[in-house]
Undergrad: 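First the structure, then my questions, so here it is.
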Amino acid sequence: MVQMIIGNKGKGKTKQLLDRANSSVKTANGNIVYIDKSSKHMLELNNKIRLIDASSFGLRNSDEFIGFILGIISQDHDLEEMYLDSFLKVAHLEGKDISATIQELDKIGKIFGLTFILSVSLDRQDIPETIAEKIHIEC
């Protein structure tokens, strides 16, 4: 499953994402991963959440991003939730159609029984209709 937290830059999406990740630790039965473009938020996350700085892995496009996600999943059979901050930047989708990547994440989530929560720097009118039902929170 994919849930999106949307809104322009500076509207509080990261705070929402961090709060949700930290809250979910209390009730999660599996592991939680938080992927970001840097390790800047390391001290704001519960120490039970694995922070991955995606910039360390040299991803160049959205296909490599999906491969990266699958690699993480393959190494953690107890993975329950993945939080993706700065999704457009990390997945190399800035200024591009995000539909196919969101749909691929949704398919992966269903196969492996995990939830992806994404911070997406777009307004509702910029979200393709095919994935609009994935909007969970608007900031």
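Every value quoted in this text rests on a predicted model; they were computed, and no experiment measured them.
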Undergrad: Are there over 12 heavy-atom neighbours, none belonging to E129, within less than 6.0 Å of that residue's CD?
TA: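 No, the 6.0 Å shell around CD holds no more than 12 heavy atoms from other groups.
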Undergrad: Checking D106 now: which residues fulfil side chain to side chain donor-acceptor pair (under 3.5 Å) with it, not counting sequence neighbours?
TA: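 D106 satisfies side chain to side chain donor-acceptor pair (under 3.5 Å) with K110, K134 only.
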Undergrad: Check whether I35 and L43 end up in the same hydrophobic cluster, where Ile, Leu, Val, Met, Phe, Trp and Tyr are linked by side-chain heavy atoms less than 4.5 Å apart.
TA: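 No.
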Undergrad: Please give the remaining members of the hydrophobic cluster of I49, linking ILVMFWY side chains under 4.5 Å, ordered by chain and number.
TA: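 Under the 4.5 Å side-chain rule, I49 groups with I5, L17, L18, V25, I32, Y34, M42, L45, L51, Y83, I117, I137.
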Undergrad: Does the E80 side chain pair with the main chain of N29, one donor and one acceptor, at a distance under 3.5 Å?
TA: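 Side chain of E80 to backbone of N29, a donor-acceptor pair under 3.5 Å: yes, one is there.
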Undergrad: Looking only at atom types and distance, does a side-chain atom of K48 sit under 3.5 Å from a main-chain N or O of N31, one as donor and one as acceptor?
TA: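 Looks like no, no N/O pair under 3.5 Å.
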Undergrad: Is it true that a side-chain atom of N46 and a backbone atom of N22 form a donor plus acceptor pair closer than 3.5 Å?
TA: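 No; zero donor-acceptor contacts below 3.5 Å.
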Undergrad: Using every non-hydrogen atom in the two residues, find where E64 and G58 come nearest and quote the distance to one decimal.
TA: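 The answer is OE1-O, 3.7 Å.
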Undergrad: Kindly compute the distance separating CG (L79) from CG (L114), expressed to the nearest 0.5 Å.
TA: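 These two atoms lie 5.0 Å from each other.
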Undergrad: Identify whether V33 and M1 are in the same connected component of the hydrophobic contact network (ILVMFWY, side-chain heavy atoms under 4.5 Å).
TA: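 No, it is not one cluster - the side chains of V33 and M1 are not joined through contacts under 4.5 Å.
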Undergrad: Using 0.5 Å steps for rounding, measure from the OG1 atom of T101 to the NZ atom of K96.
TA: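 Reported to 0.5 Å precision, the distance equals 9.0 Å.
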Undergrad: Keeping S74 on the side-chain end and G71 on the backbone end, is there a donor-acceptor pair under 3.5 Å?
TA: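 The answer is yes, because a donor-acceptor pair under 3.5 Å joins these two groups.
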Undergrad: When you measure from the side chain of K13 to the backbone N and O of G7, does any donor-acceptor pair fall under 3.5 Å?
TA: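 Yes; at least one donor-acceptor contact below 3.5 Å.
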Undergrad: So which heavy atom on D97 is nearest to which on P128, and how close?
TA: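 Residues D97 and P128, closest heavy atoms: OD1-CG, 3.6 Å.
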